[in-house]
2 protein chains.
Amino acid sequence: MCFRGFVLVLGEQREAVRLFNNPGAQECADVIMSAASKRRAVIVLGVCEVSYRGRTSSELARGERLVIVKEDGSLLVHRTWGYKPVNYMPPGAMVYAKSDSGSVVISAKRGSESMRVVFHKVYLAATLNFRDDSSFEQKGTEAQMRDAVVFYPELVEKGLRVLTHEFQVKSGFVDLMALDSRGRLVAIEFKANPAKTADVNQLIAYVSRLRALSKERGIRGVLAAPSINKAARKLLVDSGLEFKRLDKDECLRVLEEFKPTMSLLSFIEKGDEHSA
Amino acid sequence: MCFRGFVLVLGEQREAVRLFNNPGAQECADVIMSAASKRRAVIVLGVCEVSYRGRTSSELARGERLVIVKEDGSLLVHRTWGYKPVNYMPPGAMVYAKSDSGSVVISAKRGSESMRVVFHKVYLAATLNFRDDSSFEQKGTEAQMRDAVVFYPELVEKGLRVLTHEFQVKSGFVDLMALDSRGRLVAIEFKANPAKTADVNQLIAYVSRLRALSKERGIRGVLAAPSINKAARKLLVDSGLEFKRLDKDECLRVLEEFKPTMSLLSFIEKGDEHSA
DNA sequence: GCCTAGGTCCCGTTG
DNA sequence: CAACGGGGCCTAGGC
């Protein structure tokens, strides 16, 4: 069965998808421009080639691909394999489409970068009038590990008192500054993933900076992560720093437990802001 | 105009795209499973919710989205904005689809990670039988900058002689080792992008390692990049290291010029391998 | 605007 | 297999 050259409207109460089957070059360009003006996304399936000039430059010869023009100006060229788009523009690009001697030319500009997709044949174009206002909730991030320790410092060690977070030193930001039970400063760096040498280097830089600042020799550095690789552990220990295994799930349990308190705290903080 | 419930085949000589308009849950699941068995990509437009468990965990409530199931098992859930998929599985996932009480459930597993997309309504499914064997060529990478300097060391400075590249020290690999006109060792670190403090830290680690190894105090460290940010430059200079501006385009010109020589060299190297 | 750091980073390369 | 570094990284948050 092969139908050609008509438009389909899909969606029950509303026109969520409008399909253009085997559109001509001019029609396809019009569809893209019209969607862009209404801030709607478009997908295009067909035979194209792509060139990019900007941070590097690249050429992609003719092939069949899926192109997505999104409502924020991002532009993705996907092959039928691979996580990443083979070519793209991040959000914020100005996207234009025109017909040029039988081809559809989509060009995108963003600062000093530019991209050009030339479609020699378009099998299908579809404009998307999508509703999607759901929030995306994620659990188990590095920030949440840090929050868990703020609320329950014993996750790292007994007697720990939290001083501040995101403490700025010359070489960056220390995730958490605390005092241990013997009154020594502790710089804590959290990693949600197995700690690597780069993470240790980061902690080394922070602690050496802190030691330079305070002349206090007793400053401790703790790398808190679910695990640490061998080379990293050796470098850590050789540098006089410590590793503390911190389980993501345990952190999440703590956060769940402290949720009421957290809400209360956030209420109090807001109150302070008003009275300040 | 509103057509419902038929299949469309697009593509001139070949069935490049097969469209399923408003498919039922069972039909859609079958389409996905059949495409998976033939290693073909599928796109699905419709109303879905997504959950993910793995390195973190996430929930995405109901909304209209584009889902791409690729032939290598990667699975992307795209909203109508943003460069990145809101949920995804990288290549290598096992993807299954089934119909469950009127919904299409797509599940993907990959090691300890799993993802589940439930479509409450599918507007459109399309299987892609795409041909795309074009190579993707990119110019202006860090490796190419290094190669340019190997062939024309004067890009960094007069009288420089290249010794080796990717020289391993404890803290990593020095991009390029060379001797300057006065016989001093030079460690060169290339960056294709504006150099940051992290890059300087890397070079500091390398040079201090080299100095420890050779006891030679005259070892120089050079950071070669198109530009360097202020803080990084200060850290660099304070650490007794040097910055050399290296233009990407200039490097590319050099590579173009030396292309004949490079081919010759590669031929000779191959010959060496055979004779070795 | 720059800069810093996280990411379900992905991805290739190498030991 | 793990480990390491690059990426047109992208993205969020500070300043």
Side-chain angles (χ1 to χ4, degrees), chain A residues 50-58 74 76 82-93 108 110-115 136 138-146 166 168-175 189-199 201-202 205-206 227-232 248, chain B residues 50-58 74-77 82-93 108 110-115 136 138-146 166 168 171-175 189-199 201-202 227-232 248:
Chain A
V50 188
S51 60
Y52 162 78
R53 295 290 176 280
R55 284 171 276 190
T56 62
S57 51
S58 69
S74 41
L76 310 175
Y83 163 83
K84 288 184 179 178
V86 59
N87 272 117
Y88 65 90
M89 292 291 270
R110 183 180 184 268
S112 60
E113 297 180 285
S114 63
M115 200 178 122
F136 176 66
Q138 193 160 359
K139 290 176 180 174
T141 62
E142 182 180 308
Q144 286 180 314
M145 292 174 69
R146 190 245 293 144
E166 299 302 325
Q168 187 167 16
V169 293
K170 209 165 196 174
S171 38
F173 296 84
V174 183
D175 282 345
E189 179 67 24
F190 294 93
K191 291 295 159 189
N193 304 323
K196 301 166 294 182
T197 50
D199 306 325
N201 281 328
Q202 200 178 352
Y206 292 165
S227 65
I228 183 167
N229 80 41
K230 220 174 139 182
K248 265 188 234 180
Chain B
V50 188
S51 60
Y52 163 78
R53 296 288 176 281
R55 285 169 277 190
T56 63
S57 51
S58 69
S74 42
L75 176 56
L76 310 173
V77 181
Y83 163 83
K84 289 185 179 179
V86 59
N87 274 116
Y88 67 92
M89 293 290 271
R110 182 180 185 270
S112 60
E113 297 181 286
S114 63
M115 201 179 123
F136 176 65
Q138 193 160 355
K139 291 177 181 175
T141 62
E142 185 180 305
Q144 288 181 315
M145 291 175 69
R146 190 245 294 147
E166 300 303 324
Q168 186 167 18
S171 37
F173 294 84
V174 183
D175 283 345
E189 178 68 25
F190 295 92
K191 291 294 158 191
N193 303 322
K196 300 166 294 183
T197 49
D199 306 323
N201 281 328
Q202 201 178 350
S227 65
I228 182 167
N229 80 41
K230 221 174 140 182
K248 265 189 237 179

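Letters A, B, ... mirror the listed sequences (proteins, then strands); counts begin at 1. In what follows, every heavy atom counts, from backbone to side chain, and hydrogens, waters and symmetry copies are set aside.
Regarding Asp175(A), its CG atom lies at a distance of 10 Å from the C1' atom of dG6(C), rounded to whole Å. The separation between Asn229(A) atom CG and dC1(D) atom C1' is 13 Å, rounded to whole Å. One atom, NZ of Lys191(B), and another, P of dC3(C), lie 16 Å apart when rounded to the nearest Å. When rounded to the nearest whole Å, the span between NZ of Lys196(A) and P of dG6(D) equals 12 Å. Taking atom CZ on Phe173(B) and atom P on dG5(D), their separation rounds to 8 Å, with Å as the unit. One atom, CD of Gln202(B), and another, P of dC4(D), lie 13 Å apart when rounded to the nearest Å. Look at CG on Asp199(A): it is 13 Å from C1' on dG5(D), rounded to the nearest Å. Taking atom NZ on Lys230(A) and atom C1' on dA2(D), their separation rounds to 11 Å, with Å as the unit.
At a threshold of 4.5 Å between non-hydrogen side-chain atoms, the residues Lys191(B) and Lys196(B) do not count as touching. Contact annotation: the side chain of Val174(A) never approaches that of Glu166(A) to less than 4.5 Å [non-hydrogen atoms, C-beta and beyond].
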*Derivation of the side chain to side chain contact (heavy atoms under 4.5 Å, CB included) call for Thr56(B) and Lys139(A)*: CA-CA 6 Å; Thr56(B) 63; Lys139(A) 290 176 180 174; over 6 Å; no
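Residue Ala192(A) comes nearest to Glu142(A) through the heavy atom pair CB-N, 3.8 Å, listed as atom of the first residue, atom of the second, then distance. Annotation for Ala232(B) and Ala195(B): closest pair CB-O, 3.9 Å, computed over non-hydrogen atoms. When every heavy atom of Pro91(A) is checked against every heavy atom of Gly82(B), the shortest pair comes out as CG-CA, 4.2 Å.
Comparing the C1' positions of dC11(C) and dG7(C) gives a spacing of 14 Å, expressed to the nearest Å. One P atom belongs to dG8(D), the other to dC4(D), and the distance between them is 22 Å to the nearest Å.
In this structure, Lys248(B) contributes its side chain and Arg55(A) its backbone to a donor-acceptor pair below 3.5 Å. Side-chain N or O atoms of Asp175(A) include one that pairs as donor or acceptor with a backbone N or O of Phe190(A) at under 3.5 Å.
Not a single side-chain hydrogen bond (donor to acceptor under 3.5 Å, both in side chains) links Thr141(B) to another residue, sequence neighbours left out.
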*Give the B/S/- string for nucleotides 8-13 of chain D, one per nucleotide from 5' to 3', where a protein heavy atom under 4.0 Å of the base yields B, of only the sugar-phosphate yields S, and otherwise -.*
BSBS--
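Contact annotation for Ala232(B): no contact, since no heavy-atom pair falls under 4.0 Å across all strands. Within 4.0 Å (heavy atoms only), Thr197(A) reaches sugar-phosphate atoms of the nucleic acid but no base atom.
Helical stems involving DNA chain D, defined as 3 or more consecutive Watson-Crick or G-U pairs under 3.5 Å, span C:1-7 with D:9-15, C:9-15 with D:1-7.
Set against dG6(C), dC3(C), dA5(C), the side chain of Glu189(A) has dG6(C) as its closest nucleotide.
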